Amino acid sequence: ERRGGAADQAREIVRDLGIRSLPVDPFEIARQNDIIVQAKPDTAAGVSGLLMKAGNRFGIMYATHIPSEGYQRFSVAHELGHYFLAGHMDAILDESGLHQSRAGFTSADRYEIEADSFAAGLLMPQPLFLPALARAGRPFAVLAIARVDEADQPVVVHVWPVDGLANRCPFRFRHGI
């Protein structure tokens, strides 16, 4: 399946770059591929990221209207998905060489779904992420993340402790990223 393949491709990039620990830095991965990354002015809400092509050069702009480092890192990783995944640039770049990704956890567009899957695989590659969760003492979280990989739709897992007990974590799954 292509979505699973997108996460697999991201994990291969992490492996090929020799990244052996978390966190994975999408800004550094872009830099190593000569992709210019800049913050987008926070006055343009609704667009979470931009991928631009000018000649043989590429650039990514990421949203700053949501002041969350995780959101911004995911936005850059998502745009890297469009850059790395076969067929994406031909399908998504307009005649001026621009693609805008919009935030919001719903999209039926296969390219957006694949880019989300790529971003998750890049930022949380299983060979690094699952052992880190296990070391953190959250066995239920490890099980939930492992099950997410088997889902036929993209899934977000929200994990939080109940009654202050780190080992008892309920999960809320949201389909349709």
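Reckoned from all heavy atoms, side chains included, excluding hydrogens, waters and symmetry mates. Note that the structure is a prediction, hence the values are computed from the model and not measured.
Considering I60, V37, N33 in turn, I60 is the only one that fulfils the side-chain contact (heavy atoms from CB on, under 4.5 Å) rule with L80.
Taking the six-membered ring where the residue is Trp, F118 and F84 present parallel rings, their angle staying beneath 30° rather than reaching 60°. Using the six-membered ring where Trp is involved, H82 and H78 have ring planes that are perpendicular, over 60° apart on the 30 and 60° scheme.
Interatomic distance, CG of D16 versus CD1 of I29, reported as 11.0 Å (0.5 Å rounding). M124 CE to L22 CG: the interatomic distance, rounded to the nearest 0.5 Å, is 10.0 Å. Taking OG of S117 as the reference point, atom CD of Q9 lies at 9.5 Å (rounded to 0.5 Å).
In this structure, D25 and R73 have side chains that are in contact, with non-hydrogen atoms separated by less than 4.5 Å. The side-chain heavy atoms of K53 and H99, taken from C-beta on, include no pair separated by under 4.5 Å. Between D116 and F74 there is a side-chain heavy-atom pair separated by less than 4.5 Å. At a threshold of 4.5 Å between non-hydrogen side-chain atoms, the residues V24 and L17 do not count as touching. Looking only at side-chain heavy atoms (C-beta outward), L51 and M89 come within less than 4.5 Å of each other. In this structure, the side chains of Q72 and P26 stay at 4.5 Å or more apart for every pair of heavy atoms.
In terms of hydrophobic clustering, with Ile, Leu, Val, Met, Phe, Trp and Tyr side chains grouped at heavy-atom distances under 4.5 Å, I36 and F58 are assigned to different clusters.
Summarising the geometry of R20 relative to L128, their closest heavy-atom pair is O-CD2, 3.4 Å, with the distance given to 0.1 Å. Closest approach of A91 and Y111 over heavy atoms only: CB-CZ, 3.3 Å. Shortest non-hydrogen contact noted between D34 and R57 is O-NH2, 3.7 Å. Closest approach of G97 and L93 over heavy atoms only: O-CD2, 3.7 Å. Nearest heavy atoms, P67 versus H65: CD-O, 3.6 Å. Closest approach of K40 and T64 over heavy atoms only: O-OG1, 2.7 Å.
In R15, the CZ atom is crowded: over 12 heavy atoms of neighbouring residues, nucleotides or ligands sit closer than 6.0 Å.
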For this session: Show your working on side chain to side chain contact (heavy atoms under 4.5 Å, CB included) between Y83 and H88 and close with a plain yes or no.
Result: CA-CA 7 Å; Y83 175 82; H88 276 235; over 6 Å; no
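Proximity of a side-chain donor or acceptor of S48 to a complementary backbone N or O of S101 within less than 3.5 Å is detected.
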